[in-house]
2 protein chains.
Amino acid sequence: MNEEWVSQIKRGTLEFVIMSLIQNKDRYGYDVIQTLDSYPMLKTQESTIYPLLRRLLKNGYLESYWRNMGEGIPARKYYKITKLGISYLNQLNDDWETLVKNIAELRRG
Amino acid sequence: MNEEWVSQIKRGTLEFVIMSLIQNKDRYGYDVIQTLDSYPMLKTQESTIYPLLRRLLKNGYLESYWRNMGEGIPARKYYKITKLGISYLNQLNDDWETLVKNIAELRRG
DNA sequence: TTTATATACATTGTACCACACAGTATATAT
DNA sequence: ATATATACTGTGTGGTACAATGTATATAAA
């Protein structure tokens, strides 16, 4: 796998993927990281995920709440998609579909 | 279409697409720009394409030659894929396939 | 006729910003 | 000591965007 290229391709795709994950169910940062860990092309570190989540929060696409996990387990900051986030994600879905089609067409010449 | 996101998603995809185009046949920069013009997600300006082509040249994935076009038409700088470029592109193809599958899986949850 | 504008082609300097690297921080369990 | 679970941050990198420069020709407007 081409690490250099993979790190470039994540721009945009990561945001898209994380929004999709959180649309399916509320998630906290660490959970997102663990989930992506099994996907070689999307495996990503804390230093990328946390700022990304905060950016989506700031843009109003996500909202967050803390959930206490009981003795000895650090509280989790859950993220939930907003209405704005849903319409944004719908747009990303369309754009992604278009992109995949465009590329398929260009590749076959 | 989300211009901001589109400009991010082009990182990596553009390189991939341009290598594909040039693998199919030799091309000059302006030709690449015109070709991408009909694909909303990949439409891109000179200031992006020319440096990209030069980078691929420098990395040894492409080689270039000038072709004279006769009276009044500026000479064209054609790019051609190298052996190294072909093996690089094969890798990009695999990575792209993986990415598309990964994302499809993550989206459906 | 002179001037303005559009097309074809290539280049470059500067700025932006998402992701990467590496580190900080707390608490528990082994 | 080390690993796991959870969250945060400062600094660097590098591909793309914006805007402009340059040559040459053809065409439309003044």
Side-chain angles (χ1 to χ4, degrees), chain A residues 1-19 26-37 41-59 61-62 64-79 92 99, chain B residues 1-19 26-37 41-59 61-62 64-79 92 99:
Chain A
M1 202 170 52
N2 178 354
E3 302 297 339
E4 193 54 32
W5 187 74
V6 167
S7 115
Q8 291 302 325
I9 202 73
K10 279 189 204 159
R11 293 223 183 194
T13 35
L14 249 195
E15 177 175 303
F16 172 43
V17 160
I18 288 180
M19 294 278 295
D26 295 5
R27 288 182 186 263
Y28 52 100
Y30 196 78
D31 180 23
V32 170
I33 292 165
Q34 297 301 106
T35 304
L36 295 183
D37 233 44
M41 294 288 298
L42 296 165
K43 194 173 152 90
T44 306
Q45 304 178 11
E46 295 94 319
S47 52
T48 300
I49 300 297
Y50 288 113
L52 203 174
L53 288 171
R54 268 179 269 125
R55 194 180 76 233
L56 294 174
L57 197 63
K58 189 176 156 207
N59 292 346
Y61 302 140
L62 300 179
S64 72
Y65 56 93
W66 285 93
R67 192 183 290 175
N68 284 328
M69 302 310 292
E71 301 299 318
I73 300 172
R76 293 170 177 167
K77 191 178 189 175
Y78 274 82
Y79 292 87
L92 293 186
L99 180 68
Chain B
M1 200 172 51
N2 177 354
E3 303 297 339
E4 194 51 34
W5 187 74
V6 167
S7 115
Q8 291 303 324
I9 202 71
K10 280 190 205 159
R11 295 222 182 196
T13 35
L14 251 195
E15 177 174 306
F16 173 44
V17 160
I18 289 180
M19 294 277 296
D26 296 5
R27 289 184 186 261
Y28 53 101
Y30 196 78
D31 179 25
V32 170
I33 292 165
Q34 297 301 106
T35 303
L36 294 183
D37 235 42
M41 293 290 296
L42 295 165
K43 194 172 152 90
T44 306
Q45 305 178 7
E46 295 96 317
S47 51
T48 301
I49 300 297
Y50 288 114
L52 205 173
L53 288 171
R54 268 179 266 124
R55 193 180 77 235
L56 294 173
L57 197 65
K58 191 178 155 205
N59 292 346
Y61 301 141
L62 301 179
S64 71
Y65 56 93
W66 285 93
R67 192 184 290 176
N68 284 328
M69 303 308 293
E71 301 299 317
I73 301 171
R76 292 170 178 167
K77 190 177 188 176
Y78 274 82
Y79 292 87
L92 292 186
L99 180 68

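Excluded from the calculations below are hydrogen atoms, water molecules and symmetry mates; all remaining heavy atoms, backbone and side chain alike, are included. Note that the structure is predicted; figures quoted are calculated from it, not measured. By convention in this document, chain letters (A, B, ...) are assigned in the order of the sequence lines, proteins followed by strands, and residues within each chain are numbered from 1.
Considering all non-hydrogen atoms of both residues, B:L99 and A:T13 come closest at CD2-CG2, 4.2 Å.
Remark: B:D31 pairs with B:K25, B:R27, B:Y28, B:T35 by the side chain to side chain contact (heavy atoms under 4.5 Å, CB included) rule, at least two apart or across chains.
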What pairs of nitrogen or oxygen atoms, one from the protein and one from nucleotides 12-15 of chain C, lie under 3.5 Å apart?
unit_1, atom_1, unit_2, atom_2, d
C:dT12, OP2, B:R54, NH1, 3.2

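When each of A:Q8 and A:K77 is assigned the nucleotide of DNA chain D bearing its nearest heavy atom, the one mapping closer to the 5' terminus is A:K77.
Heavy atoms of B:I33 sit nowhere under 4.0 angstrom from any nucleic acid atom. Residue B:R11 is classed as a base contact, given a heavy-atom separation below 4.0 Å to a base.
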Requested in this report: Please report the C-alpha distance between B:K10 and B:V17 in whole Å, then the side-chain angles of each, then the deciding distance to 0.1 Å, and finally whether the side chain to side chain contact (heavy atoms under 4.5 Å, CB included) criterion is met.
Outcome: CA-CA 10 Å; B:K10 280 190 205 159; B:V17 160; over 6 Å; no

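Using bins of under 30°, 30° to 60° and over 60° for the plane-to-plane angle, the ring pair B:W5/A:F16 lands in the perpendicular bin.
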Side chains of residues 51-59 of chain A: which donor-acceptor partners sit under 3.5 Å, not counting sequence neighbours?
unit_1, atom_1, unit_2, atom_2, d
A:R55, NH2, A:E15, OE1, 2.4

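Contact of the A:L14 side chain with the A:L36 side chain is registered, since non-hydrogen atoms from C-beta on lie closer than 4.5 Å.
In this structure, A:L57 atom CG and D:dC8 atom C1' are separated by 14 Å, rounded to whole Å. Atom OH in A:Y65 sits about 12 Å away from atom P in D:dA7, given to the nearest Å. Atom pair B:E3:CD and D:dT16:P shows a separation of 16 Å (rounding to whole Å applied).
With distances taken from any side-chain atom of B:Y30 to the nucleotides C:dC17, D:dT4, C:dC9, the minimum falls on C:dC9.
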